[in-house]
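Written out below as structure tokens is the structure these notes cover.
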There are 2 protein chains.
Amino acid sequence: MARRSDHTRNELHELIITTAIRIIDDEGFAALSARKISGEIGYSAGTIYNVYKSMDDLIVTINARSLDIMASQIKSLPHSVGQTPCDQLKAMAKIYLNFVHSHKERWFALFTHRLPAGHSLPDDFTTKITALFAPIERAILSLYAESSTTGSSKDAKLAARTLWASVHGICFIDQSGKMPLVSTQYDASNMVNCLIDSFVAGLRA
Amino acid sequence: MARRSDHTRNELHELIITTAIRIIDDEGFAALSARKISGEIGYSAGTIYNVYKSMDDLIVTINARSLDIMASQIKSLPHSVGQTPCDQLKAMAKIYLNFVHSHKERWFALFTHRLPAGHSLPDDFTTKITALFAPIERAILSLYAESSTTGSSKDAKLAARTLWASVHGICFIDQSGKMPLVSTQYDASNMVNCLIDSFVAGLRA
DNA sequence: TTTTTTATTGAACATTGTTCATTATTGTGC
DNA sequence: GCACAATAATGAACAATGTTCAATAAAAAA
């Protein structure tokens, strides 16, 4: 068979992505395949390759969308007046935690997918990640200001990255199922609070 | 063809594991396959399934070995007399960091591999992970003792898990290549120091 | 209406994990 | 030593994967 006009190029683009995301969410990242997507939208597998360069390309696009979701949620956070920097940081961490819990598989895709050797992530992808750090850096800078601690912009950048990576690690361990949790006292939410309370207190000291 | 006596059962076991590890280390986790292993040791692919239940089974065994290596390195750490708890924690984190750097792909396998739904990790695997926490908990308990901070055993368990997960997250972000590092000031080693210094100071306060 | 362009297909290829009847070799009982 | 039984290794087979590409049918242009 051949050319149809059921969908515009853009519609197909979107159709493939949303279908892929549905599969990832409902059946797991490992269940994603070109044939499964195409079968579900009523096209052949080859069509996927008409729209995306490769499966890797599609996955990177999906991952970029995950970053967009988190960024928009952080952006729509009620403004920080009257909130301590510590509370601001906790609010941001909560958004991250929430995303991990409600989109476990998509988050797994985001951080475990790797491009084959030689290929590298598109620029706008890394830009999105960098953007995620900005609000955290700001909160830490205002922490320095508040507590008359000497801390440069460089220190704030380092602290922001450290804190973010740590939150990420807590989510990872929590979700991987590889750490025996013993009790609910050691779930991700409690660990993140423990981390931020101590880390912030430590930065002050 | 058929039965040979080139290797005992145990030798074959070991031969398969060491070959698989070589492939992971040299060619990446993604390059690991039953046919590649078997081809390299001069057996057919089916033989792998004579010795291991599945590829997953083999990978879990390899991952358990990674845990063993880290555990033995932590165990052989010079004893903690005259060292502050903070230094002890840094020494342990350094071991972890070192493993990640020298066995990047094996570490990636350890934390990204997942069993198919329904299957769960063997008990001795989770036991090994729990064992890794013990020295960290001890260091944190002695931190409490040293600085007359009130801290229960439960608090120490939570703090130990939190700190360990955080170090893990820093390594993950560092090696995933997804975080644009901007400068070498934000490499894993600096971030871990930043984390432990602040976290420990915070626990004291 | 004819021609050109182009979107879609389906067959094909290489590679994956996994199973299993077949077979050659080893160990056992006489 | 010989027949027999136990078993380890095989290689073909199956389903599924990503990916490519000539063939083709429909839409757009002439």
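The chains referred to below are lettered A, B, ... by the order of the sequence lines, with proteins before strands, and numbering in each begins at 1.
Under the side-chain hydrogen bond (donor to acceptor under 3.5 Å, both in side chains) test applied with B:R22, the options B:D26, B:T18, B:T19, B:D25 reduce to a single match, B:D26.
Nearest to the side chain of B:R35, among D:dT17, C:dT9, C:dG17, sits C:dG17. Here C:dT18 is the nucleotide among C:dT18, C:dT9, D:dG18 with the atom lying nearest to any side-chain atom of B:S54. The side chain of B:A34 approaches C:dT18 more closely than any other nucleotide in the set C:dT18, D:dG18, D:dA9.
Relative to the ring axis of A:F108, B:R114 places its NZ or CZ within 45° and under 6.0 Å from the centre.
C:dT23 atom P lies 21 Å from atom OH of B:Y43, rounded to whole Å. Whole-Å rounding puts the B:I48 CD1 to C:dT16 P distance at 12 Å. Put simply, CD1 on A:I16 is 9 Å from P on C:dT8, counting in whole angstrom units. Straight-line distance from the CG atom of A:N10 to the P atom of C:dA7: 13 Å, rounded to whole Å. Going from atom NE2 of B:H7 over to atom C1' of D:dA9 covers 13 Å, rounded to whole Å. Atom OH of A:Y49 is separated from atom P of D:dT17 by 11 Å (rounded to the nearest Å). With rounding to whole Å, A:D56 atom CG is found 6 Å from D:dT19 atom P. One interatomic measurement links the two molecules: CD1 of A:I23 to P of D:dA16, which rounds to 15 Å at whole-angstrom precision.
An OP1 or OP2 oxygen of C:dT9 is reached within less than 4.0 angstrom by a side-chain nitrogen or oxygen of A:T47. Using a 4.0 Å cut-off, no side-chain N or O of B:S33 falls inside it from OP1 or OP2 of C:dT15. Residue A:S44 places no side-chain N or O under 4.0 Å from the OP1 or OP2 atom of C:dG10.
Using a 4.0 Å heavy-atom distance criterion, A:L32 is classed as a sugar-phosphate-only contact. Note on A:L12: only backbone sugar-phosphate atoms sit closer than 4.0 angstrom, heavy atoms only; bases stay farther off.
Side-chain atoms of B:E105 come within 3.5 Å of backbone N or O of B:F29 as a donor-acceptor pair.
The base of D:dT7 has none of its N or O atoms less than 3.5 Å from a complementary donor or acceptor on the side chain of B:R9.
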Practice task
Apply side-chain hydrogen bond (donor to acceptor under 3.5 Å, both in side chains) to A:T47 and A:N50, showing your working.
Solution key: CA-CA 5 Å; A:T47 296; A:N50 235 344; 5.4 Å; no
Exercise for the section: Kindly determine whether B:F172 and A:F172 satisfy ring pair (Phe, Tyr, Trp, His ring centres under 6.0 Å), including the steps that lead there. Expected result: CA-CA 9 Å; B:F172 199 99; A:F172 199 98; 4.7 Å; yes
